[in-house]
Structure formats: structure tokens, C-alpha cells
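Atoms within each ligand, like the ligands themselves, are counted from 1 in listed order.
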Amino acid sequence: MFGRILIANRGEIALRIIRAARELGVQTVCVYSEADADGPWLDLADEKVCIGKGPSADSYLRIDRIISAAEMTDSEAIHPGYGFLSENAHFAEVCRDCEIEFIGPTPEAMGRLGDKISCKRLAKEAGTPVFPGTDGEIEELDEAIEIANEIGFPVIVKASAGGGGRGMRVVHDVAELKAAVTSAQQEAIASFGNGAVYLEKFLDKARHIEVQVLGDKHGNAVHLYNRDCTSQRRHQKLIEEGPAPNVDEAIRDKVCESAAELIRKAKYSGAATVEFLMNQEQEFFMLEVNTRVQVEHPVTEMFTGVDIVRESIRVAAGEPLAWTQDQIKINGHAIECRLNAEDPDMNFMPQPGTIESWRPAGGPGVRLDSHVIEGYRIPPNYDSMIGKLIVHGHDRNDAISRMRSALSEMKIGPIKTTIPLHQRLLEHPSFISADFDINWVERLLDE
Ligand code: ADP
């Protein structure tokens, strides 16, 4: 095991990694920006190193400074968390060149799954269900027209290097296709320096369901069942839960096993998530693979008992996975609500400022992953998530009641948060019956 690791992240995920490392007897070094100088999580790290000014481009995205900080503090490995440099293959490569272990996949495995066209090819080999569409990059418009006619409109043009919803165009007929391909290519070149785009079927009424997977450096891979993240606003997840409700068990297990096979084929080590859309006939289609730990990983930890962050550190140190597939069992149901400092009544405007009062929820089956304490000043530079409230219940109804109760215990002031929105969603018949699709929250907000 490592003696000391560096955490190239901030906020709740930095705290989550500190906790996992401490349990393993591993020391931690946190890098931080000037805007985070009073970050409460830094008090729990063994060492901290300031790497620059508030804007991410001057600190959390500065590979040179992060590597220097690791060398200066004799850190043997770097955990990137999520966001920032976590899916940057160049960063993983620089770590390797500097003989610092990147806690995550090799740059090659990251590339195989991070590039959507290459990922889709590998998924087909692994038996992971993918959307019907072009086999690879669109090179000839005629070929794209032919395939679009074959699978039927609407279709979606997507960038192979895509992320954050950029380089995507929904197309309703042949007349729109040419312009959509050209503009998606231009956007992809501008955003990612890679203009490759492909085309697939567009699903209208779908649920977002994803499979948590873990791999090690010895060729082992397991899945930890699935999560439902259908409750979203502008492609940002608001509520996540698991296991995904109303999915036939045989279908679920087959999709989960295919996701484990996909990362085995990619020679992937660490935590990853294979994301799918599911239609009303319970057919699954892979969206993409996230090659890092995800915000919603606690949901899976609560209903499987597997510590995903601890496992990611262990496997990076070369240890084999501590779990075999048949040891991983579903126990009850878990739900997570993201607590964002945003004003739902003001179009979700971020609310930086000082948290003057903070009363956390507690009790059996309640977990709060948050870096916030009373008096904490939320800097304006980063995303607005101030914590995640997670509950576990013996079944879904039990978890829903527990979440309602926990949300009502949380008292945060004077900052506005998404708590009232969560309360509304958790009372809604569409949520209670899990009869929803990825646009249901936006439709509700429009009403
Ligand atoms: P990105 O990496 O840019 O986030 P994704 O492939 O994850 O791109 O897609 C982002 C979102 O776009 C999805 O969560 C979904 O809402 C929508 N989307 C993507 N592909 C499709 C599709 N084939 N049909 C319907 N919606 C899609």
C-alpha cells in the first residue's frame, strides 16, 4: 500500500478520499487554490500545498504544479477525484512518466473507453447493448443518410470526443442532417480538437440507468449493480438511487454483467461507470463510460457495502479486488439528493456566500457527504454542490420516507439550496411510482 497520496481535487470528494485513505493508514496531501485556503477538508489532510489562484485553470487544472506538489511531498500516487483532470489521459501519462501512480486507469484504457467511437466498438465485442447507428466516424454524408433512414428518425449526431453535451445535434429528417453533421463537426473541433462525429438513434422517452464497475490490474472486473439517475435538470443529475426500480432482474443482471465484461476487455483498473438509456420496453443502449469515480458512488456503497473509493486506492497500489462477483449482494435501497447552493426560484442561480447556519441530518441509515461547516464561505469559482444527502432503507418506500425526513432535518441558512425542490420531487407520484423519463423534472418546472 502507498505511504502517502496526493489529492488533486477539492470539496466533498477531497474529503471522501481523505476518509478512505485514513482507513487504509495512508497519509494525504491536499492541493488547494487561494479561493479554497479556508476549506474545512484541508484540516483533515496530513499536508496541504497551495497551487495557485481561484480559477481552476490557474490551480486544479495545472498539471505542472500538481506534479511538483506530489514530488515535493513524496506522494507516491495521485487521486484525481471527479471533474478537473480525472478524465485527462495526458495527465495520467505525465503521472506515469514521473513515476507517480495515477489512481485510475492507464492512459491507454482511458482512451479506449473515453473515445466514444472506440468505446462503442469494444462494447459490441463485449455484448454491451449499444444504440443502432453508424459503426464509426461519419465520413460520407450519403452513408449517414442511408443509416438514418434505416434506423428511422429522430437520430442524434454526436462527437466521439464529446463531453458536457457539446457537439450533439438531434436531427428529425434528412433535410436537417447535412447541416447538423457539419456544425457538430465544427463544434467538436473547437471544443475537443477532434472533429470525429457519429450518428445513432435518438430515444425520446428514456430513463438514465448506469452500472458501477470496478477493475484491478490482474484482469479482474466486477459490477456493483445499477443506479437510476433519471431525475435531471439540463443533463445535471439531481437525485440518484439504486438499485434502479422497475427493471426486470434478468435484464438487469445481463446488462450489468456485460458492463463488467466491457471493462475487462478494456484492461481497465479502478472505478468506472457505464451509462445507458433504457426505453419503455426495457431495452438498454449504452451512452458512454465515465472513467472515474462518480458523484453518486455513495448510492452503490450504501446498498452493496463496498467502499468504492477505498477499492480504487487498493487496486491502484496493485492489490487484487477484495470482492468477487458472488460476494456482491443487493441489500435494500439507497437514494442520494445533491444539495446545491442554488436558488430554484431564480432559475437555479448559484448562491455563493457564507453559510451562517448548518444543521445536518442524522439518524439510522442517513449519510451526509459534505465538506461544509458553519461559517464556511462558498467560493464563486467552482460548482455549487455543497453536499450529498444519502439514505438507505430496507426497500424503496422505506428509503423515500427516510429521505423526506432527513431533508426536513437539514437546516441551511441564509443560502438558498435545492432542498425544497427535492422535497417536491420526492412527493410527486411520478417519482413515487418510478414512472418517469429524463425530461420529467424539466416538464414539472415548466408547469
Ligand atoms: P456527454 O458526454 O456530452 O455528456 P452523453 O453521451 O453522456 O454526452 O449524452 C448526454 C445526454 O444527452 C444524455 O444524458 C441524454 O440525455 C442525451 N442523449 C445522448 N444520446 C442520446 C440518444 N441517443 N437518445 C436520446 N438522448 C440522448
Side-chain angles (χ1 to χ4, degrees), residues 82-83 86-89 110-124 128-135 137-138 144 147-148 150-172 176-177 180-181 183-185 187-211 226-240 244 259 262 272-281 283-292 294-296 338 383 436-443:
Y82 51 66
S86 61
E87 294 185 281
N88 184 318
M110 200 189 279
R112 283 192 278 274
L113 296 178
D115 179 90
K116 292 184 184 184
I117 289 175
S118 124
C119 181
K120 205 166 165 178
R121 287 212 179 102
L122 210 55
K124 276 189 177 167
T128 311
V130 297
F131 282 101
T134 51
D135 266 334
E137 181 179 354
I138 298 177
I147 288 169
E150 214 173 281
I151 60 179
F153 288 91
V155 297
I156 182 167
V157 178
K158 296 169 74 169
S160 189
R166 277 167 299 170
M168 286 197 299
R169 300 283 183 282
V170 181
V171 181
H172 297 92
E176 284 176 20
L177 193 60
V181 168
S183 75
Q185 281 168 335
E187 191 172 320
I189 290 176
S191 307
F192 316 110
N194 170 359
V197 300
Y198 62 105
L199 176 153
E200 64 188 23
K201 179 81 189 154
F202 181 76
L203 264 192
D204 210 10
K205 280 226 153 107
R207 280 169 61 190
H208 176 115
I209 295 179
E210 56 188 32
V211 179
N226 60 13
R227 295 183 288 256
D228 182 295
C229 313
T230 297
S231 301
Q232 311 183 351
R233 179 185 165 268
R234 298 204 176 151
H235 300 309
Q236 297 297 315
K237 297 165 185 165
L238 291 165
I239 304 178
E240 301 102 341
L262 171 58
T273 298
V274 186
E275 296 192 326
F276 296 90
L277 289 182
M278 182 190 84
N279 67 14
Q280 286 165 318
E281 287 73 45
E283 289 176 294
F284 280 77
F285 305 96
M286 186 186 71
L287 273 177
E288 63 170 341
V289 178
N290 287 322
T291 57
R292 54 173 167 81
Q294 275 188 298
V295 173
E296 59 270 28
R338 295 192 189 193
D383 78 39
F436 46 20
D437 64 75
I438 45 177
N439 298 313
W440 88 275
V441 174
E442 300 222 0
R443 277 198 304 270

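Among protein heavy atoms, atom 3 (O) of ligand 1 sits closest to G165 N, 2.5 Å. The shortest contact between atom 26 (N) of ligand 1 and any protein heavy atom is with F202 CE1, 3.4 Å. Of all protein heavy atoms, the one lying nearest to atom 24 (N) of ligand 1 is L203 N, 2.9 Å. Scanning the protein heavy atoms around atom 27 (C) of ligand 1, the nearest turns out to be L277 CD1, 3.8 Å. Counting protein heavy atoms only, atom 18 (N) of ligand 1 is closest to L287 CD2, 4.1 Å. Counting only heavy atoms of the protein, atom 10 (C) of ligand 1 lies nearest to M168 CE, 3.8 Å. Protein heavy atom closest to atom 17 (C) of ligand 1, with residue, atom name and distance, is H235 CE1, 4.0 Å. Protein heavy atom at the shortest distance from atom 7 (O) of ligand 1 is E288 OE2, 2.8 Å.
E200 is not listed as a side-chain neighbour of V155, based on a closest heavy-atom distance of 4.5 Å or more. You'll find the side chain of Q294 reaches within 4.5 Å of the side chain of E275, heavy atoms only. Annotation: side chain of E187 is not in contact with side chain of I189 (no heavy-atom distance under 4.5 Å).
Here is the list of ligand 1 atoms found below 4.0 Å of a heavy atom in K116: 1 (P), 2 (O), 3 (O), 5 (P), 6 (O), 8 (O). Taking a cut-off of under 4.0 Å to the non-hydrogen atoms of E200, the atoms of ligand 1 that pass are 20 (N), 23 (N). Close approach to I438 involves these atoms of ligand 1, each under 4.0 Å from a residue heavy atom: 16 (O). Below 4.0 Å from some heavy atom of F131 lie the following atoms of ligand 1, by number and element: 22 (C), 23 (N). Contact atoms of ligand 1 toward K201: 22 (C), 23 (N), 24 (N) (distance under 4.0 Å to a heavy atom of the residue). The ligand atoms of ligand 1 that sit less than 4.0 angstrom from a heavy atom of K158 are 6 (O), 19 (C), 20 (N).
Between E87 and R292, at least one side-chain nitrogen of the basic residue sits less than 4.0 Å from a carboxylate oxygen of the acidic one, meeting the salt-bridge criterion. Ion pairing between a basic and an acidic side chain is recognised when a charged N comes within 4.0 Å of a carboxylate O; D135 and K124 show such pairing. The pair E296-K237 meets the salt-bridge criterion, with a side-chain N (NZ, NE, NH1 or NH2) lying under 4.0 Å from an Asp/Glu carboxylate O.
Residue-level proximity to ligand 1 for D204 is absent, since no heavy atom of it falls below 4.0 angstrom.
The distance from the CZ atom of R169 to the CG atom of L199 is 13.5 Å, given to the nearest 0.5 Å. Between atom CG of residue D437 and atom CG of residue D204 there is a gap of 8.0 Å, rounded to the nearest 0.5 Å.
Residue contact check for ligand 1: G163 places a non-hydrogen atom closer than 4.0 Å to it.
A pairwise comparison of heavy atoms in L262 and C119 identifies CD1-O, 4.4 Å as the closest pair.
Between F284 and F276, the ring planes are perpendicular. Angles over 60° get that label, and only those under 30° would be called parallel.
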